[in-house]
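In what follows, a structure is listed as structure tokens, so that the remarks can point back to it.
Per chain, numbering begins at 1; letters A, B, ... match sequence-line order.
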Amino acid sequence: KAGVTQTPRYLIKTRGQQVTLSCSPISGHRSVSWYQQTPGQGLQFLFEYFSETQRNKGNFPGRFSGRQFSNSRSEMNVSTLELGDSALYLCASSPDVETQYFGPGTRLLVL
Amino acid sequence: AQSVSQHNHHVILSEAASLELGCNYSYGGTVNLFWYVQYPGQHLQLLLKYFSGDPLVKGIKGFEAEFIKSKFSFNLRKPSVQWSDTAEYFCAAQRSTGGATNKLIFGTGTLLAVQP
């Protein structure tokens, strides 16, 4: 089976712009979770989607949003980018509440 | 509040030395526990997991971990490390509530450098 794929792999944006990141889970997995990884804060949970519904949400401002499509693919959007949003954004998929498998991440740099 | 603590931020070992990385969690209720590894330039990979049953779990590449409920600990061990074990290691916890969420709480990570 193919692993979790994320696009794009690298992204450079400027403050105030918005960005959309995409994640394709492992075939058959219905749960997709997003995490932000930074040197200062480590790995932090953003949100989780299961069967197109947001099942859980972390402590991030409303500028961070996401959605899941009927084919389980997921997107996350960050509006009004700030310098502090520079991070590696990881997507993880799972069949249900089980082990999560991580993708390679999208590295976002905000200038 | 839910939290996971990893006591060692940086560990340097010589090849063939034994490894033990500490992990403690603070969680209400029962938890599932994981160790993930991130090799340089690669994505997070699962080393091992504990859901229930035998508290001593074995993972890939010779790693094992022991769940000690009374100490809220899930330490990672390997009897003899190799240069290829150089990586960052993350302990993580997940609420075990029968299907509610996959949310993982991660520790801050331990950077392991193995000298040849």
Query raised in the report: chain B heavy atoms under 4.5 Å from A:L90: which part of the residue, side chain, backbone, both or neither?
Result: side chain
Query raised in the report: Heavy-atom distance under 4.5 Å to chain A: side chain of B:Q45, backbone, both or neither?
Result: neither
Query raised in the report: Is the number of heavy atoms from other residues, nucleotides or ligands under 6.0 Å of B:L111 CG greater than 12?
Result: yes
Query raised in the report: Which atom names give the shortest non-hydrogen contact between B:F90 and A:Q37, and what distance separates them?
Result: CZ-NE2, 3.5 Å
Report summary line: Scanning both residues in full, the closest heavy-atom pair of B:L44 with A:F102 reads O-CB, 3.8 Å
Requested in this report: State plainly whether one hydrophobic cluster holds both B:Y50 and B:F34, where clusters connect Ile, Leu, Val, Met, Phe, Trp and Tyr through side-chain heavy atoms under 4.5 angstrom apart.
Outcome: no
Query raised in the report: Looking at OG of A:S33 and CD of B:Q94, how far apart are the two atoms once the value is rounded to the nearest 0.5 Å?
Result: 9.0 Å
Query raised in the report: Would one find more than 12 heavy atoms of other residues, nucleotides or ligands at under 6.0 Å from atom CZ of A:R9?
Result: yes
Query raised in the report: Does a sphere of radius 6.0 Å around CZ in B:F72 hold more than 12 heavy atoms from other residues, nucleotides or ligands, not counting ones at 6.0 Å or beyond?
Result: no
**Report entry** Within 6.0 angstrom of A:R107 CZ, more than 12 heavy atoms from elsewhere
**Finding:** no
Report summary line: Heavy-atom nearest pair, B:K103 first then A:E48, reads N-OE1, 4.1 Å
Query raised in the report: Crowded around A:N59 CG? As in, over 12 foreign heavy atoms under 6.0 Å?
Result: no
Query raised in the report: Of the non-hydrogen atoms in A:Y35 and B:L104, which two are nearest, and what is the gap between them?
Result: OH-N, 3.0 Å
Query raised in the report: If you measure from CD on B:E88 to CG on A:L43, what distance do you get to the nearest 0.5 Å?
Result: 8.0 Å
Requested in this report: Enter the distance from A:F45:CZ to B:I105:CD1 here, rounded to the nearest 0.5 Å.
Outcome: 8.5 Å
Query raised in the report: Is there a chain of hydrophobic side chains (I, L, V, M, F, W, Y, each step under 4.5 Å between heavy atoms) that links B:L33 to B:I60?
Result: yes
